[in-house]
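Inspection log for the structure reproduced underneath, given as structure tokens.
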Amino acid sequence: MKCKYEEPYYECEEETSQNSDYCTLHRDFPISSINNRFSAQFYNFMRVLEEKNSKIMNKIEKKDFNFRGSKLLELDLPKVKIENDLVLWQAKIEGNLNFRESQINGNVECGGAEIKGYVDFSDTEIHGNIRFRGVKIDQNALFRRTTIKGNVEFDQAEIGDVLVFTEAKIEGNIQFSYTHIGGYTDFRNTTIGGCMYFRDADIGINSLGETSFDNITVFGNVYFQGALFHRKAFFSKIKFLEDANFEDTQFTEDVDFKKATFQGNVYFLKVKNEIIFKKFVSFKEASFSGKVLFKGLNNFKGSFEGARLKNVVFKYCNLTNVRFKEVILDNCELSTSKLPDKIVEHEEYDNKRSKTQEYLNFLNSHSQTIVQDAEAVSDTYRRIRQCLQNQGAYTEAGEFYIKEMKMKKEVYKVNNKSMWIFYVILDIFSGYGERPGRLAFFLVVVTVSFSIIKGWPCFNGNPNLSAIILLIIQTAIIPFFMALFVYAFARKMSR
């Protein structure tokens, strides 16, 4: 009698086993109390297990690794060589699936399988595709140092604990869209020749669910749209050689993109979800070469210290808590986003001198440190000002120029007292050339003052002397104001 196991487009051709409507591999394990080894149920369980193991060994001897829909206790076959496909489609395995240090010249087909133990293909060479679509793995999925010539498909899979692909070499695409991963995810030092898909993935659900993509290289496009990272995520030293899409990706903990390289177009934008980066994100020393869009990021706490930003657009973002120290801004856009009145580094600088006496004591003993801090803040303002000026946002650029000059004044307060006095005067009378209204006001005040002075009684008795005194004063003051006027005019016209 033929086995009743069937799927769409597949029917088992094996004969049924004893007291069952299914063949040996497709029949269920009988319910048994394993603790009672003298019961008839336990004897029946062991008999079925022996039949299944015998069938497995018989198939292996024939180099037949088709276990489609099989119900197995475990499949522990390390260091095996498989010339064709390994098929475990819709299989149910009560224990582990172990093919460590094996060679598989075909595909690994595990779609829809249920595995209550772990899966281990570490140090294995697979010449075809890995298909685990819709698989359910209760424990770990391990692919350390695995070489895969084809694609890796884990779409809609459920992995109860750890997913590891460290130092793996994958020539095709990897697909983890709509996948649930309970534990930590580790792709460190992995090379992916194709594209990378993590659309709407749910990653790191339990308390140890950190994610690491450190030093990963992806030659194709990267898609993380709608993915949810429950724990910290690490992307340091990654190399994304094509486009990367993080639309509506949610990072609920800190994210590290330190020294990351993005060579294609990159999108970090909010469309549906409220927050993309809930906590701190670091792009320290990262490099962006393609067109990059950060859009709608309202709660953006991060750092671009030492990063190279080329063709980066910050559109409708709140950048008040973002660091730009020593950043290179090349053809970037900031004008549509909210910029801080004081950058984060400036706030930290002010905190050091919050109390006058403490500041003086600090200044005397750490003058070089305070100068370096002020120079760094001034340099950051300069970089932002140049970016705004290149966009044509001259009003905003002028505000950041004033902030830049004020921090230079702090530097001169320690290093060069005469230049400090000059910067104080320049600030008072013209706002470093950005407040020409002040200059007009002081000209009016000077003119009116001279008119009043000429009428004072002390000058009436000796008009020649008063004329000489006023002439000397006018000779000193008028050129000064004329120089300020030229400076302010040159500042405005040079844009």
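Side chains are part of it too, since the values below use all heavy atoms of this structure and drop only hydrogens, waters and symmetry mates. Predicted model, so just to flag it, every value in this text is computed and none were measured.
Taking a 6.0 Å sphere around CZ of F219, one finds it holds 12 or fewer heavy atoms contributed by other residues, nucleotides or ligands. Heavy atoms of other residues, nucleotides or ligands lying less than 6.0 angstrom from CZ of R188 number 12 at most. K258 NZ: 12 or fewer foreign heavy atoms inside a 6.0 Å radius.
For the pair R68 and Y10, the cation-pi test (distance below 6.0 Å, angle within 45°) is passed. For the pair K52 and F29, the cation sits on the ring face: its NZ or CZ lies under 6.0 Å from the ring centre, inside 45° of the axis. A cation-pi contact, defined as under 6.0 Å to the ring centre and within 45° of the axis, is absent between R385 and Y401.
Sorted by first then second residue, the ring pair (Phe, Tyr, Trp, His ring centres under 6.0 Å) pairs that include residues 102-125, not counting sequence neighbours, are F99-F121, F121-F143. Contacts classified as salt bridge (charged side-chain N to carboxylate O under 4.0 Å, His left out) and involving residues 164-182 (residues at least two apart or in different chains) are given here: K149-E171.
If you run side-chain hydrogen bond (donor to acceptor under 3.5 Å, both in side chains) between N215 and each of T166, N189, T190, only N189 comes through. For the pairing with F324, the ring-ring contact (aromatic ring centres under 6.0 Å, His included) check across F304, F400, Y381 returns one residue only, F304.
A salt bridge does not link K279 to D254: none of the charged side-chain nitrogens sits closer than 4.0 Å to a carboxylate oxygen.
Using a 30° and 60° split on the angle between ring planes, F288 and F294 fall in the perpendicular class, above 60°. Ring orientation note: the planes of F224 and F213 are nearly perpendicular, at an angle over 60° on the 30°/60° scale. Classification of the F283-F268 ring pair by plane angle, with boundaries at 30° and 60°, yields perpendicular. Classification of the F246-F251 ring pair by plane angle, with boundaries at 30° and 60°, yields tilted.
Residues forming a side-chain contact (heavy atoms from CB on, under 4.5 Å) with D138 (at least two apart in sequence, or on another chain): K116, K136. Residues passing the side-chain hydrogen bond (donor to acceptor under 3.5 Å, both in side chains) test with E153, sequence neighbours excluded: none.
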Open item on the list: Under the criterion side chain to side chain contact (heavy atoms under 4.5 Å, CB included), I'd like the reasoning laid out for M196 against I216: C-alpha separation, chi angles, the key distance, then a yes or no.
Closed with: CA-CA 11 Å; M196 182 176 181; I216 188 174; 4.1 Å; yes
- [ ] Please lay out, stage by stage, how Y223 and N221 fare under the test side-chain hydrogen bond (donor to acceptor under 3.5 Å, both in side chains).
- [x] CA-CA 7 Å; Y223 302 93; N221 296 330; 3.1 Å; yes
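Minimum heavy-atom separation, L25 to K59: CD1-CD, 3.6 Å.
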Output a table of donor-acceptor pairs, distance under 3.5 Å, between side-chain atoms of residues 326-336 and any protein atom two or more places apart or on a different chain; print 'none' if there are none.
{"from": "N331", "atom 1": "ND2", "to": "N311", "atom 2": "OD1", "distance (Å)": "2.8"}
{"from": "S335", "atom 1": "OG", "to": "Q391", "atom 2": "NE2", "distance (Å)": "2.8"}
{"from": "T336", "atom 1": "OG1", "to": "F314", "atom 2": "O", "distance (Å)": "3.2"}

Would you mind writing out the side-chain donor-acceptor pairs for residues 230-238 within the sub-3.5 Å range, not counting sequence neighbours?
{"from": "H230", "atom 1": "NE2", "to": "D202", "atom 2": "OD1", "distance (Å)": "2.5"}
{"from": "R231", "atom 1": "NE", "to": "N206", "atom 2": "O", "distance (Å)": "3.0"}
{"from": "S236", "atom 1": "OG", "to": "D214", "atom 2": "OD1", "distance (Å)": "2.9"}

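Two residues are said to be in side-chain contact when any heavy atoms from C-beta on lie closer than 4.5 Å; F176 and T185 fail this criterion. Counting heavy atoms from C-beta on, the side chains of N96 and D76 never come closer than 4.5 Å.
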